[in-house]
Amino acid sequence: MGWDTYNAYGLAYNETTIRDNADRLVSLGFRDLGYDVVIFDDAMTERDRSANGSLVENQEKFPSGLHALSDELHALSLKYGVYSSAGRFTCGSYPGSLGYEQQDARWWADLGADYLKYDNCFNEGQAGTQKLSYDRYGAMANALNATGRNITYSLCNWGDDKVWEWGCTISNSARMSGDSNSFDQPSNGCPCDADEFYCQKFPGYQCSVLNILGKASYIAGRSGPGFWIDLDMLEVGNGGMTTAEYRTHFTMWSAIKSPLIMGNKLYDLSPEDYAILTNPAVIALNQDPGGSAIARRFVQQVDTKDRWGVGEIQVWQGSLWQGDQVVVFLNAANETQGLDVPLWRIFGTPGNELSLRSWDMYDLWAENVTMLADVARQVLNGTLELGPKTQGYYNASRISWREGLAANDTRLLGSFEGTVEAGGTVSAEVGAHDVKAWRFRLVGKNRLQKKDEL
Ligand code: GAL
């Protein structure tokens, strides 16, 4: 989890941008939720290398020097993330690292870098087979390892050459799609034919949340501890989607266990967006010790299409730590839908063992689970300091997600909504472009047992 400059600033950021946002990561409690990597995404150096081939710091943007900034981040218990491309240039036409892997890895390690996002622009045609991509990205893996510094390695090859099939052997995460920017708007830059497996002709750009979810439904199961499929940075807070759409975007990214990298202006957040990004019950899905991604169980077309002709409902389900389950109803149509879904369809097959149990359902977006608007407003304007008792807030630096879940911390479970009996049906109304998301827990697990029952 972390924060990245690109979605909100493009290449136009400098040390003030970094400091302002880093301060907010701390004061708004994001760091203590786990958002602790600060990624300088592209445009960190001069346009040319020095005579000996070294990268050169951009002094105009970072007059204090990158080393000092890295130290400042570390002093705040934040991590320093850098960026380059496995190509001749980065996507912003700064020097790329192809052929300079060892030299650049050493340079970043000396600066105290903790994370590398490694892009795919200007790759000199060294793509098109898994061997070509693997070798190109593997060269940087070797170079990072040779530095002896612990640097999280995040591939950004947009899913080229089915990176989810080989990325786990050399990296910690891999982008599986082009950049996202809308909820549902189809884009020529990111084509998707219904009959095409994985929905990908070329990696693309301007991919919608729904397009990315469609692709992720095929491959999310490749994620696991040590290697996470990255659905792209979060757009929450950038203004291009409704609150319901941001809620859906954030829920799905969390439950699929994508890295949660914010890409917004942290000093310009609305209370609604702040409450989404800090929802402890949803982040608990992302940070679940079980480490399994949610799976799409079915998609059903409905009549009420939106202006792009998109109109469907989707049901997703996944396994959580210690037998809990996560269930999401997603309404991608533009009118509220009433859904009645039998347990066997939620769990995948008729007679499925899990569908023959009774479940307590905890709503992950109930009022009170997230920060109420009033509380969020006060924290944002500095009149309320976050503390252990702040409504809707969870500090995972104090009590880890695992400890909190083991202790049945109600902030992580969600709000009890009711019970679905064995073989029963879950019914819910889901607003347009919104989700209904629950943690399911076996009936009885949470109830206190009397002494003679023990
Ligand atoms: C793109 C990449 C973005 C961002 C950008 C920087 O290729 O997908 O996430 O890193 O380059 O120029």
Side-chain angles (χ1 to χ4, degrees), residues 1-14 17-18 21 35 37-47 55 58 61-62 80-98 104 108 113 115-127 133 136-137 140 151-164 167 171-182 187-191 200-209 211-212 215-216 228-238 240 249 253 258-265:
M1 294 171 72
W3 178 86
D4 179 292
T5 51
Y6 186 69
N7 281 357
Y9 299 96
L11 307 185
Y13 68 98
N14 56 29
T17 326
I18 297 290
N21 284 288
Y35 296 96
V37 192
V38 176
I39 304 162
F40 292 48
D41 194 322
D42 211 345
M44 195 177 71
T45 65
E46 290 292 347
R47 297 264 181 198
L55 293 167
N58 187 322
K61 291 167 95 176
F62 309 110
Y80 173 39
V82 295
Y83 162 99
S84 185
S85 179
R88 183 139 169 247
F89 302 107
T90 69
C91 299
S93 297
Y94 289 80
S97 299
L98 189 63
D104 290 357
W108 298 319
Y115 178 104
L116 170 67
K117 171 174 174 177
Y118 204 37
D119 220 323
N120 197 24
C121 284
F122 299 101
N123 63 27
E124 311 258 271
Q126 292 184 41
S133 285
R136 198 159 41 88
Y137 282 92
M140 183 56 84
I151 299 177
T152 301
Y153 186 27
S154 152
L155 309 189
C156 178
N157 85 334
W158 320 305
D160 249 12
D161 295 327
K162 300 195 171 129
V163 63
W164 52 90
S171 71
N172 305 108
S173 69
R175 277 271 297 276
M176 43 66 75
S177 168
D179 296 11
S180 71
N181 79 338
S182 79
S187 152
N188 291 338
C190 194
Q200 185 189 46
K201 284 206 174 93
F202 74 104
Y205 49 92
Q206 296 182 344
C207 303
S208 68
V209 163
N211 172 295
I212 293 175
K215 295 171 185 170
W228 305 106
I229 290 177
D230 179 351
L231 274 59
D232 195 18
M233 294 164 288
L234 295 164
E235 286 286 353
V236 183
N238 288 335
H249 170 34
W253 262 231
S258 171
L260 298 179
I261 312 280
M262 297 186 286
N264 44 14
K265 296 183 178 169

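Note: hydrogens, waters and symmetry copies are ignored here, and every other heavy atom, side chains too, is used. If you're wondering where the values come from, they're calculated on a predicted model, not measured in any experiment. Start at 1 and go down the list; that is how both ligands and their atoms are numbered.
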Check: Asp232 N/O within less than 3.5 Å of ligand 1 N/O = no
Do any nitrogen or oxygen atoms of Trp158 lie less than 3.5 angstrom from nitrogen or oxygen atoms of ligand 1?
-> yes
Using a 4.0 Å heavy-atom threshold (strictly under), name the region of Ala43 that reaches ligand 1: side chain, backbone, both or neither.
-> neither
Rounded to the nearest 0.5 Å, what separation is found between the CG atom of Asn238 and the CE atom of Met262?
-> 11.0 Å
Ring centres of Phe62 and Phe40 under 6.0 Å apart?
-> yes
Is the ring centre of Tyr6 less than 6.0 Å from the ring centre of Tyr83?
-> no
Identify, by atom number and element, the atoms of ligand 1 in contact range of [X], meaning under 4.0 Å from any of its heavy atoms.
{"X": "Arg175", "value": "8 (O), 9 (O)"}
{"X": "Met233", "value": "9 (O)"}
{"X": "Cys91", "value": "1 (C), 7 (O), 11 (O), 12 (O)"}

Sidechain-backbone polar pair: Asp232 side chain, Ser180 backbone, donor-acceptor under 3.5 Å | yes
Considering only non-hydrogen protein atoms, determine which one is nearest to [atom] and report residue, atom name and distance to 0.1 Å.
{"atom": "atom 10 (O) of ligand 1", "answer": "Asp41 OD1, 2.7 Å"}
{"atom": "atom 12 (O) of ligand 1", "answer": "Asp42 OD2, 2.7 Å"}
{"atom": "atom 9 (O) of ligand 1", "answer": "Lys117 NZ, 2.7 Å"}
{"atom": "atom 1 (C) of ligand 1", "answer": "Asp119 OD2, 3.2 Å"}
{"atom": "atom 3 (C) of ligand 1", "answer": "Asp179 OD2, 3.4 Å"}

For the residue pair Tyr118 and Trp108, categorise the inter-ring angle as parallel (less than 30°), tilted (30 to 60°) or perpendicular (more than 60°).
-> perpendicular
Give me the ring orientation class for Tyr9 and Trp3: parallel if the planes are under 30° apart, tilted from 30 to 60°, perpendicular past 60°.
-> perpendicular
Does a donor on one side chain sit under 3.5 Å from an acceptor on the other, for Lys117 and Ser154?
-> no
Test side chain to side chain donor-acceptor pair (under 3.5 Å) applied to Ser97 and Asp119, Thr90, Asp104, the passing residue | Asp104
